[in-house]
Amino acid sequence: MNSLVLVPGGAGFLGSHLCERLLARGHTVLALDDLSTGHRRHVGHLSAHPRFRLLVHDLTRPLPRAARSAGRVYNLACPASPAYYQQDPVQTTLTSVIGIWHLLELCQSSGARLLQASTSEVYGDPQVHPQTENYVGHVNPIGPRACYDEGKRCAETLAFAYRWQRNVEIRVARLFNSYGPRLRPGDGRVVSNFIVQALRGEPLTVYGDGQQTRSFCYVDDTVEGLLKLMDGPIEGPVNLGNPVEHTILELAEAVLRLTGSRSELHRHPLPPDDPRKRRPDISLAQRQLGWMPRVSLEDGLVATIEWFRRELELPATGGLARKAA
Ligand code: UDP
């Protein structure tokens, strides 16, 4: 196998962790990123690495020449936070659809294998719980989340069309709410929002009644799942997520406890089309890839909080100390 690995979205939250792991495994890594939500800083510690390169590239444009020699491609390119992906819904949709089209064309001519990072959002506001891979989903095609959900659904469609019609080797992972260090403080996702708010001693913004659920997967577990899927025997789609489900209020309480913050909870309206429940059935990944998450929510939050503390340059006692100071 050619050891050059292409990582579109490589300067993003998930992408930067994946690049680290690929380098540690001895691969040469070419990261592509338009830096819309990714950041050079996420891969700053890799910039001097002899086997790492970052090219600023918008995936809706034709791929750079250097990408042609990749043997494997992990496509993580797309803003993933609702706040970010709704800022430019046209670009969000095209990044998924035109982006994967460019990558599939590349893989067809080079024989490279493509792993597509799809999402639990393909299930929309699910009517089946927990979600198995054969559930076809419940997505509003014209709602505010559609640019992400339908873009990712169409990307899956194209991946399987190229697989069946043109024999391209594919892998499709459906990721459920990954979190960890390098989520951006202003990213708008619930884990980063709550941690930043708690550390700053600001109110935690709970949308709706806080009884909606998510299943949060620590980034190291997600990356391990992606590597296993790429190397493993099945194409997917495969759910990769933590099957332990929490309400948003439970998450808020855990963040307050682990930061030692006395922030209050403030209620805000629930955004339109916000899924009420989400939990992956991961039996397929367990059976076929021998994968399951190892990091508990508590341990993952502690590591993430530590990272945010340093990022925000706050003292170890967090929001409480700042308020008292
Ligand atoms: N959420 C919240 N407060 C926030 C941000 C998000 O209560 O400050 C809720 C949001 O309404 C959703 C859940 O947390 O029900 C997860 O939101 P996120 O944006 O992290 O991810 P997604 O909705 O894509 O799963």
Side-chain angles (χ1 to χ4, degrees), residues 12-14 37 76 78-87 89 92-93 96 117-126 129-131 137-140 143-153 173-219 222 239-256 259 261 263-280 297 300-301 304-305 308 319:
F13 155 62
L14 207 49
T37 59
L76 309 184
C78 192
S81 143
Y84 281 161
Y85 69 60
Q86 290 171 17
Q87 274 171 18
T92 299
T93 310
S96 284
S118 188
T119 170
S120 56
E121 295 281 344
V122 300
Y123 303 124
D125 188 6
H129 196 71
Q131 293 80 55
H138 182 242
V139 174
N140 175 358
R145 299 173 80 101
C147 56
Y148 185 73
D149 302 8
E150 296 290 14
K152 290 283 190 178
R153 285 169 68 94
R174 291 181 178 159
L175 309 182
F176 285 65
N177 293 80
S178 279
Y179 73 99
R182 300 193 203 123
L183 276 175
R184 291 178 69 163
D187 168 280
R189 274 180 272 196
V190 68
V191 173
S192 43
N193 272 9
F194 283 0
I195 292 177
V196 170
Q197 291 159 350
L199 290 176
R200 289 183 170 152
E202 294 166 359
L204 270 56
T205 50
V206 175
Y207 301 163
D209 59 9
Q211 293 302 328
Q212 69 272 34
T213 67
R214 293 293 185 274
S215 305
F216 299 101
C217 193
Y218 189 64
V219 62
T222 307
N239 289 340
L240 295 179
N242 194 317
V244 183
E245 183 181 2
H246 293 275
T247 66
I248 295 307
L249 278 181
E250 287 167 355
L251 177 73
E253 281 154 17
V255 168
L256 290 180
T259 52
S261 168
S263 289
E264 295 174 349
L265 304 186
H266 281 192
R267 295 284 165 85
H268 292 258
L270 191 69
D273 293 340
D274 197 284
R276 288 297 302 166
K277 286 173 163 199
R278 186 181 288 158
R279 170 155 64 97
L297 182 66
L301 284 178
T304 311
I305 289 165
F308 271 103

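Indexing begins at 1, ligand by ligand and atom by atom, following the structure's order. Just so it is clear, the model here is predicted, and its values are computed rather than measured.
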To the nearest 0.5 Å, how far apart are [atom1] in [X] and [atom2] in [Y]?
X: Leu256; Y: Glu264; atom1: CG; atom2: CD; answer: 10.5 Å
X: Cys217; Y: Leu240; atom1: SG; atom2: CG; answer: 7.5 Å
X: Lys152; Y: Ser96; atom1: NZ; atom2: OG; answer: 4.5 Å

Tell me if a side-chain donor or acceptor on Gln197 pairs with a main-chain N or O of Thr205 at a distance below 3.5 Å. yes
Could you list the donor-acceptor pairs under 3.5 angstrom formed by side chains in residues 245-253, with sequence neighbours left out?
| from | atom 1 | to | atom 2 | distance (Å) |
| --- | --- | --- | --- | --- |
| Glu245 | OE1 | His129 | NE2 | 3.1 |
| Glu245 | OE1 | Arg279 | NE | 2.8 |
| Glu245 | OE2 | His129 | NE2 | 3.1 |
| Glu245 | OE2 | Thr213 | OG1 | 2.6 |
| His246 | ND1 | Glu250 | OE1 | 3.4 |
| Thr247 | OG1 | Glu250 | N | 3.0 |
| Glu250 | OE1 | Thr247 | N | 3.0 |

Would you say [X] touches ligand 1, if touching means a heavy atom closer than 4.0 Å?
X: His268; result: no
X: Pro82; result: yes
X: Gly188; result: yes

Charged N to carboxylate O under 4.0 angstrom, Asp187 versus Arg182? no
Salt-bridged, Arg145 to Asp125, with N to O below 4.0 Å? no
Atoms in ligand 1 flagged as close to [X], the criterion being non-hydrogen separation under 4.0 Å:
X: Asn193; answer: 4 (C), 5 (C), 8 (O)
X: Gln212; answer: 9 (C), 11 (O), 15 (O)
X: Asn177; answer: 21 (O), 22 (P), 25 (O)
X: Val206; answer: 7 (O)

Note: heavy atom closest to atom 22 (P) of ligand 1, options Arg189, Arg145, Gln211, belongs to Arg145
Note, Ser118 side chain near Arg174 side chain (heavy atom, < 4.5 Å): yes
Identity and separation of the nearest protein heavy atom to [atom]:
atom: atom 1 (N) of ligand 1; answer: Tyr207 CD1, 3.3 Å
atom: atom 13 (C) of ligand 1; answer: Ile248 CD1, 3.6 Å
atom: atom 3 (N) of ligand 1; answer: Thr205 O, 2.6 Å
atom: atom 10 (C) of ligand 1; answer: Asp274 OD2, 3.3 Å
atom: atom 18 (P) of ligand 1; answer: Val190 N, 3.8 Å

Tested for side chain to side chain contact (heavy atoms under 4.5 Å, CB included) against Pro185, the lone hit among Ile195, Asn193, Leu199, Val196 is Val196
